Amino acid sequence: MPAFAEPAIDPPLADSYRALLRTDQLRRGGIAPALSPAVPESVAVLERDLPMIDLKRLTSGDAGERKACADAMARAASEWGFFQVINHGVGRKLLEEMRREQARLFRLPFDTKEKAGLLNGSYRWGNPTATSLRHLSWSEAFHVPLASISREDCDYGKLSSLRAVMQEVADAMSRVADTVAAALAEDLGHDAWGGEPAFPAGCDGTTCFLRLNRYPACPFAPDTFGLVPHTDSDFLTILCQDQVGGLQLMKDSRWVAVKPRPDALIVNIGDLFQAWSNNRYKSVEHKVVANAKAERLSVAYFLCPSYDSPVGTCGEPSPYRPFTFGEYRRKVQDDVKRTGKKIGLPNFLKQSLVDSMNHSLCT
């Protein structure tokens, strides 16, 4: 009797890679080398520790200590767009349990993940709009709306314990995101204690997302993206990564590798916070580089408002015209479909600033 092959776990990323490689070769009008790197060769990437913020200082009861912590956070958000937090209140045992559940989820056969409607069909892999190797992400993910985690019609298959763990992680990361966002907004003069509405407006447990990521080992690494360079289309992202590494961010016009730290969560500023802060806080381009030997797992929490919520501003004059989160998402999706890449905030600059920029380019 012939032995039956085990069902494939990984998505067909290698097939996508080879198809896009042929497309790139044809575009250049000739035969390229057997493997053409998607990641351009560049100078050696430095590994750096991100600025470290101890969140316990925000709840110390000492006003001076709280102000110093908020100022350090704001400085990191302005200079780096990224920082890491410790004493964040998300237990290590919980995160380890999340990683075990995540590993079980991603070990399911690819066909089950893609077609069975798991987690309300939130599964995605690679990049369906990729037209070049530069657009391919060697990864798979479940991008889960928080509102769906506890719903009865959210299908967890045989992973019955996943629901409770995901909900607990989402609740814990939500508290971190709310604490950090409030402190950063307060540092720019937003006074939630003085009667101003909670920040960010329109964000609650029904509007945010939890994303479970897996980056399989890649035979074409390190010349392949695990996740293509991008900025996040939210207010804040809270990330828990394993110790494999691979996250890089743009700092002073060069890529910097983020050194993993087991007891820290990573926070990065999203496009909406940059717009609200009038560009004082920076939504920084970042990416994941694929690893040839080891898979990488991470969990990300995205602090997002409802689609009809105005993004607003910390004060006028703002460089951006008024827009809602829904408008922003639709424009990003249209740009990616049309050009293969995200344009983002420049689409929402006030016309006077666009005209000024165009004039500078022409003179």
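Note that the coordinates shown come from a computational prediction; the quantities given were computed from them, not determined experimentally. Only heavy atoms go into these numbers, but all of them, side chains included; no hydrogens, no water, no symmetry mates.
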| message | Please report whether the ring centroid of F199 lies less than 6.0 Å from that of W276. | response | yes
| query | Does S78 reach the main-chain N or O of A74 with its side chain, forming a donor-acceptor pair under 3.5 Å? | reply | no
| request: Decide if the gap between the ring center of Y123 and the ring center of F142 is smaller than 6.0 angstrom. | output: yes
| Does the T207 side chain pair with the main chain of C203, one donor and one acceptor, at a distance under 3.5 Å? | no
| request: Take K331 and F348 through the test side-chain contact (heavy atoms from CB on, under 4.5 Å) and record every step on the way to the result. | output: CA-CA 10 Å; K331 184 59 178 168; F348 293 86; 3.9 Å; yes
| message | With rounding to the nearest 0.5 angstrom, report the CZ to CZ distance, R66 to R57. | response | 12.0 Å
| Do you reckon F106 sits in the same ILVMFWY cluster as L108, going by side-chain contacts under 4.5 Å, direct or chained? | yes
| request: Look up atom CG in D187 and atom OG in S277, then write down how far apart they are to the nearest 0.5 Å. | output: 11.0 Å
| said: With no hydrogens and no angle check, just 3.5 Å: does a side-chain donor-acceptor pair link Q167 and D171? | reply: yes
| Should Q102 and R214 be marked as a side-chain hydrogen bond (donor to acceptor under 3.5 Å, both in side chains) after you check the CA-CA gap, both sets of side-chain angles, and the distance that decides it? | CA-CA 9 Å; Q102 195 174 348; R214 175 179 176 256; over 6 Å; no
| Counting only heavy atoms not in K251, do more than 12 fall under 6.0 Å of its NZ? | yes
| Side-chain (K350) to main-chain (S318) donor-acceptor, under 3.5 angstrom | yes
| message | Restricting to non-hydrogen atoms, name the atom on Q274 and the atom on S283 that form the minimum distance, rounded to 0.1 Å. | response | OE1-N, 2.7 Å
| Do we see a donor-acceptor contact under 3.5 Å between the side chains of Y320 and N279? | yes
| said: Within the supplied structure, the quantity of interest is the number of heavy atoms (other residues, nucleotides, ligands) at a distance under 6.0 Å from E168 CD; does it exceed 12? | reply: no
| query | Going by atom types alone, do D271 and T231 pair a side-chain donor with an acceptor below 3.5 Å? | reply | yes
| How long is the gap from CG on L20 to CZ on R27, to the nearest 0.5 Å? | 8.5 Å
| query | Which pair of non-hydrogen atoms, one from T237 and one from A300, has the smallest distance, and what is that distance? | reply | CG2-CB, 4.1 Å
| request: May I have the step-by-step check of side-chain contact (heavy atoms from CB on, under 4.5 Å) for M166 and V144, ending in yes or no? | output: CA-CA 10 Å; M166 281 182 63; V144 187; 3.9 Å; yes
| field | Any donor-acceptor pair under 3.5 Å from Y215 side chain to V289 backbone | value | no
| task | Search all heavy atoms of A172 against all heavy atoms of L94 and return the closest pair with its distance. | result | CB-CD2, 4.4 Å
| query | Is the closest side-chain donor-acceptor distance between T129 and N127 under 3.5 Å? | reply | yes
| Going through the checks in order, is the side-chain contact (heavy atoms from CB on, under 4.5 Å) test met by S161 and R104? | CA-CA 11 Å; S161 56; R104 289 177 60 212; 3.4 Å; yes
| task | Taking the side chain as every heavy atom from C-beta outward, state whether I269 and K282 have any atom pair closer than 4.5 Å. | result | no
| Closest non-hydrogen atom pair between F325 and S233, with its separation | CE1-O, 3.1 Å
| Checking side-chain contact (heavy atoms from CB on, under 4.5 Å) against I238, which of V267, V299, V85, L210 comes through? | V267
| Rounded distance (nearest 0.5 Å) linking atom CG of D308 with atom OG1 of T324 | 7.5 Å
| query | L227 versus N213: any side-chain heavy-atom pair under 4.5 Å? | reply | no
| field | Side-chain heavy atoms of F302 within contact of F235, under 4.5 Å | value | no
| query | Sub-3.5 Å donor-acceptor pair from the side chain of D232 to the main-chain atoms of D234, do we have one? | reply | no
| Just by distance, do the side chain of T179 and the backbone of R175 share a donor-acceptor pair under 3.5 Å? | yes
| said: Any side-chain to backbone donor/acceptor pair from H286 onto V284? Under 3.5 Å, distance only. | reply: yes
| task | State, with a plain yes or no, whether a side-chain heavy atom of K341 is found less than 4.5 Å away from one of V228. | result | no
| remark: Between S309 and G202, the two heavy atoms sitting closest are OG-CA, 3.4 Å
| said: Under 6.0 Å between ring centres: does that hold for Y17 and F220? | reply: yes
| said: With side-chain contact (heavy atoms from CB on, under 4.5 Å) as the test, pick out the partner of V165 among R99, E97, R100. | reply: E97
| Is there side-chain contact between L236 and N268, with at least one heavy-atom pair below 4.5 Å? | no
| task | Taking atom types as modelled, find out whether D263 and H88 have a side-chain donor-acceptor pair closer than 3.5 angstrom. | result | no
| query | Between E101 (side chain) and M98 (backbone), is there a donor-acceptor pair under 3.5 Å? | reply | no
| request: Find out if a path of hydrophobic residues (ILVMFWY) with successive side-chain heavy-atom gaps under 4.5 Å connects V244 to W255. | output: no
| said: A side-chain contact here means heavy atoms from C-beta on lying under 4.5 Å apart; do D335 and K342 qualify? | reply: no
| said: Any non-hydrogen side-chain atom of P310 less than 4.5 Å from a side-chain atom of F323? | reply: no
| said: Could you measure the distance from the CG atom of L239 to the CE atom of M173? Nearest 0.5 Å is fine. | reply: 7.0 Å
| More than 12 heavy atoms from other groups under 6.0 Å of NZ on K259 | no
| Are the side chain of Y156 and the backbone N or O of I149 linked by a donor-acceptor pair below 3.5 Å? | yes
| task | Go through the steps to decide whether D153 and R151 satisfy the test salt bridge (charged side-chain N to carboxylate O under 4.0 Å, His left out), and finish with yes or no. | result | CA-CA 5 Å; D153 61 350; R151 279 184 7 203; 3.0 Å; yes
| task | Tell me, yes or no, whether the heavy-atom count around E316 atom CD, taken from other residues, nucleotides or ligands under 6.0 Å, exceeds 12. | result | yes
| task | Supply the atom-to-atom distance R163 CZ to S148 OG, rounded to the nearest 0.5 angstrom. | result | 9.0 Å
| said: Angle between ring planes, Y281 versus F273, binned at 30° and 60°: parallel, tilted or perpendicular? | reply: perpendicular
| field | Joint hydrophobic cluster, V311 plus Y307, side-chain heavy atoms closer than 4.5 Å | value | yes
| Hey, are the side chains of L146 and T206 touching, using non-hydrogen atoms and a 4.5 Å cut-off? | no
| Does the side chain of S298 pick up a donor-acceptor pair with the side chain of D242 at under 3.5 Å? | no
| Is there a donor-acceptor pair under 3.5 Å between the side chain of K113 and the backbone N or O of I9? | yes
| Pair Q84, R261: side-chain N/O donor-acceptor within cut-off below 3.5 Å | no
| said: Apply side-chain contact (heavy atoms from CB on, under 4.5 Å) to residues V90 and L95 and explain how you reach the verdict. | reply: CA-CA 7 Å; V90 186; L95 294 175; 3.6 Å; yes
